[in-house]
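Written below as structure tokens is the structure these notes are about.
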There are 2 protein chains.
Amino acid sequence: MAKYSKIPEATIRRLSNYLKCLGDLETKNEKVASSALIANICNVNAAQVRKDFAYFGEFGIRGMGYNVKELKRHIKEILGINREWRIAVVGIGNMGSALLVYKDFLKQNYKIVAAFDVQPERVIGHISERVGRPVEILHVERLKEVVKARNIEIGIITTPPQEAQKVADWLVDANIKGILNLSPSPVRTPEHVKLRNLFFTSALDNLVYYLSN
Amino acid sequence: MAKYSKIPEATIRRLSNYLKCLGDLETKNEKVASSALIANICNVNAAQVRKDFAYFGEFGIRGMGYNVKELKRHIKEILGINREWRIAVVGIGNMGSALLVYKDFLKQNYKIVAAFDVQPERVIGHISERVGRPVEILHVERLKEVVKARNIEIGIITTPPQEAQKVADWLVDANIKGILNLSPSPVRTPEHVKLRNLFFTSALDNLVYYLSN
DNA sequence: GCTATTAAGAGAAAAAATTAACAAGCTATT
DNA sequence: AATAGCTTGTTAATTTTTTCTCTTAATAGC
């Protein structure tokens with residue numbers, strides 16, 4: 001690992017993608033996969049795949065390929081998702097509710113251990129209607145207290161846009177380590193709190209650009 | 001525009017981001033913005049901002065900066081969102097419901113004109129409870145017919161993962177032009193149907209990597 | 001056990017993207 | 001009308017990322 005000083009951001013994005021594809025391969029009971037196969041599934045170059053892995057170690061067997069299960073484990077370790085990450089969701093509208101019952105999180109060791117809203121009582125019927133309430137909805141004024149008590153490291157913002165920055169500030173104040181903002185309004189955090197904004201419209205913008213050009 | 005033969009994919013991603021930030025500036029009633037200001041807000045280099053725009057034309061005034069409104073218009077035109085894009089959402093669970101009432105789409109000229117589910121009757125109460133039903137939920141067997149009748153160009157998949165590929169195939173069969181897959185399972189489409197997979201866990205994976213390293 | 005085949009890993013080369021530097025152009029002021 | 005002060009657009013330099021080529025290692029068949 002001392003061999004490489006800096007790992008491309010794009011490599012990290014691809015690792016996450018490889019992981020998903022390997023999950024699919026595992027489902028299909030494939031034991032080994034060559035870089036060429038992975039490349040094909042993920043729409044990248046085979047040399048790219050090998051190089052991406054090479055940043056972190058030697059995970060393959062020459063002449064054979066990569067052991068799917070083992071490679072998954074390695075990637076999870078690289079990404080840091082080989083342990084549980086405790087998450088709070090703030091803003092339990094439709095989007096927040098969707099996350100609370102989102103099974104895929106668990107596969108990746110993400111666990112939603114708290115949910116907040118300005119009107120907890122409003123929410124209850126809404127969620128439980130279809131899936132049962134997976135976690136109690138708390139009033140957002142308890143945010144700081146509960147983040148600490150439950151060792152929460154990541155906050156997901158699913159409020160309306162006009163509340164997003166305020167909630168981000170609260171999360172920062174609660175000593176959260178990272179924030180994923182799913183509201184359509186970009187938020188800012190101080191240097192020490194990692195942030196990802198994920199906008200649906202951006203994904204559509206991108207799609208539409210390539211549809212138009 | 002003949003000056004540049006190929007535009008970086010990253011530039012397109014950033015354009016979408018600039019657009020969001022410009023929207024914010026507009027809200028704050030800022031009339032002009034320098035590349036340095038935009039760069040600061042979007043966490044990129046000022047030269048990058050200017051270069052990104054330069055691929056497509058000269059939108060600024062030397063000594064002054066960029067007119068916010070005008071620049072927004074230009075970017076929208078570049079991305080192809082200066083006209084209405086008609087969208088179908090397939091799978092009206094929590095996530096699908098969230099999209100149906102997602103106000104931000106309209107700002108970007110995205111209009112959801114159809115919604116499909118395997119059990120339309122199951123859905124009705126679920127959505128209308130909080131926002132009123134914005135669009136009738138149809139049985140998914142009517143997909144092809146309705147996509148054609150309503151001139152739908154984009155499909156968004158919000159089904160459970162095990163249905164995602166099947167729905168993608170249906171959308172392709174219905175002559176859809178582009179697909180945004182929000183289900184956690186990657187899908188594939190033929191060359192001529194543009195595809196974007198958007199995974200929540202990938203955003204978290206990325207966040208967690210930088211939290212861990 | 002040897003050989004042919006396959007596929008990873010390493011390093012070099014090529015391509016692409018970002019950043020820096022600067023000339024050109026606009027505005028305001030005197 | 002000339003000049004000073006900014007900020008863009010552009011070219012050049014640098015850095016980063018991707019791709020190619022070649023070497024090495026493992027496996028399977030004979």
Side-chain angles (χ1 to χ4, degrees), chain A residues 1-18 21-22 25 30-75 78 206 209, chain B residues 1-18 21-22 25 30-72 74-75 78 206 209-210:
Chain A
M1 202 152 305
K3 202 191 300 179
Y4 300 99
S5 55
K6 194 167 168 285
I7 285 127
E9 148 79 22
T11 291
I12 303 306
R13 267 205 306 276
R14 282 191 298 265
L15 283 182
S16 182
N17 202 225
Y18 297 149
C21 294
L22 290 169
L25 287 173
E30 303 282 347
K31 299 300 181 201
V32 291
S34 67
S35 60
L37 175 64
I38 297 172
N40 178 260
I41 298 178
C42 295
N43 282 310
V44 293
N45 183 292
Q48 179 94 265
V49 173
R50 296 198 295 274
K51 177 127 249 182
D52 282 339
F53 297 153
Y55 282 112
F56 304 97
E58 302 192 6
F59 307 137
I61 301 167
R62 299 180 188 212
M64 291 298 288
Y66 299 88
N67 179 301
V68 172
K69 252 198 174 65
E70 216 176 290
L71 185 56
K72 266 188 72 178
R73 196 164 42 74
H74 280 300
I75 296 179
I78 293 164
N206 201 273
Y209 173 79
Chain B
M1 204 150 302
K3 204 191 299 180
Y4 298 99
S5 56
K6 193 167 169 284
I7 285 127
E9 148 80 23
T11 290
I12 303 306
R13 266 205 307 275
R14 281 190 298 267
L15 282 182
S16 181
N17 202 224
Y18 298 147
C21 294
L22 290 170
L25 286 173
E30 303 282 348
K31 300 299 181 202
V32 290
S34 67
S35 60
L37 175 64
I38 298 172
N40 178 261
I41 298 178
C42 297
N43 282 311
V44 294
N45 184 291
Q48 179 93 265
V49 174
R50 296 198 295 277
K51 174 129 244 199
D52 282 340
F53 297 155
Y55 283 114
F56 304 97
E58 304 190 6
F59 307 137
I61 300 167
R62 298 180 187 212
M64 291 297 288
Y66 300 88
N67 178 300
V68 173
K69 253 199 171 66
E70 215 176 292
L71 185 55
K72 268 189 70 180
H74 280 301
I75 296 177
I78 293 163
N206 201 272
Y209 173 81
Y210 290 102

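So that the names make sense, note that chain A is the first sequence line, chain B the second, and so on, each numbered from 1.
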Checklist entry - Which whole-number value in Å describes the distance from Glu9(A) CD to dT15(D) C1'? => result 16 Å

Next on the checklist: Using the side chain to side chain donor-acceptor pair (under 3.5 Å) criterion, which residues pair with Lys72(A)? Sequence neighbours excluded.
Outcome noted: Glu26(A)

Item to check | Listed nucleotide nearest any side-chain atom of Ala54(A), set dA10(C), dT18(C), dG9(D) | outcome: dA10(C)

Checklist entry - Quick one: CG on Leu25(B) to CD1 on Ile41(B), what's the gap to the nearest 0.5 Å? => result 4.0 Å

Item to check | Of residues 40-51 of chain A, the positions that come close to DNA chain C - non-hydrogen atoms, cut-off under 4.0 Å | outcome: Arg50(A), Lys51(A)

Next on the checklist: Less than 4.0 angstrom between a side-chain N/O of Tyr66(A) and OP1 or OP2 of dG9(C), yes or no?
Outcome noted: yes

Next on the checklist: Can you measure Tyr55(B) atom OH to dG9(D) atom C1' for me and round it to whole angstrom units?
Outcome noted: 13 Å

Checklist entry - Base, sugar-phosphate alone, or nothing: which one does Thr11(A) contact when heavy atoms must sit under 4.0 Å apart? => result nothing

Checklist entry - When the distance from NZ of Lys6(B) to C1' of dA14(C) is rounded to whole Å, what number comes out? => result 14 Å

Next on the checklist: Just the rounded figure in Å: distance from C1' of dA8(C) to CG of Leu71(A).
Outcome noted: 12 Å

Checklist entry - Can you tell me how far P of dT16(D) sits from CD1 of Ile12(A), to the nearest Å? => result 15 Å

Using the 3.5 Å cut-off, write out each protein N or O paired with an N or O of nucleotides 24-28 of chain D and the distance between them.
residue : atom : partner  : partner atom : Å
dT24(D) : O4'  : Arg62(A) : NH1          : 3.4
dT24(D) : O2   : Arg62(A) : NH1          : 2.8
dA26(D) : O4'  : Arg62(A) : O            : 3.3

Item to check | Mutual orientation of the aromatic rings belonging to Tyr18(A) and Phe53(A) [parallel < 30°, tilted 30-60°, perpendicular > 60°] | outcome: perpendicular

Item to check | Rounded distance (nearest 0.5 Å) linking atom CD of Glu70(B) with atom NE2 of His74(B) | outcome: 5.0 Å

Checklist entry - Rounded to whole angstroms, how far apart are CG on Asp52(A) and P on dT19(D)? => result 10 Å

Checklist entry - For dT7(D), does OP1 or OP2 lie under 4.0 Å from any side-chain N or O of Ser34(B)? => result no

Next on the checklist: Could you tell me how far apart Phe56(A) (CZ) and dG9(C) (C1') are, to the nearest whole angstrom?
Outcome noted: 16 Å

Item to check | Within-4.5 Å side-chain heavy-atom neighbours: Arg14(B) and Val49(B) | outcome: no

Checklist entry - Contact class for Phe53(B) (heavy atom, under 4.0 Å): base, sugar-phosphate, or nothing? => result nothing

Checklist outcome for this item: One should read off an interatomic distance between Tyr66(A) OH and Glu58(A) CD, to the nearest 0.5 angstrom, of 9.5 Å

Item to check | Residue among Ile78(B), Ile12(B), Thr11(B) satisfying side chain to side chain contact (heavy atoms under 4.5 Å, CB included) with Tyr55(B) | outcome: Thr11(B)

Next on the checklist: Let me confirm one number: the SG-CG distance from Cys21(B) to Asn17(B), rounded to the nearest 0.5 Å.
Outcome noted: 5.0 Å

Checklist entry - Distance from Tyr209(B) atom OH to Leu15(A) atom CG, nearest 0.5 Å? => result 8.0 Å

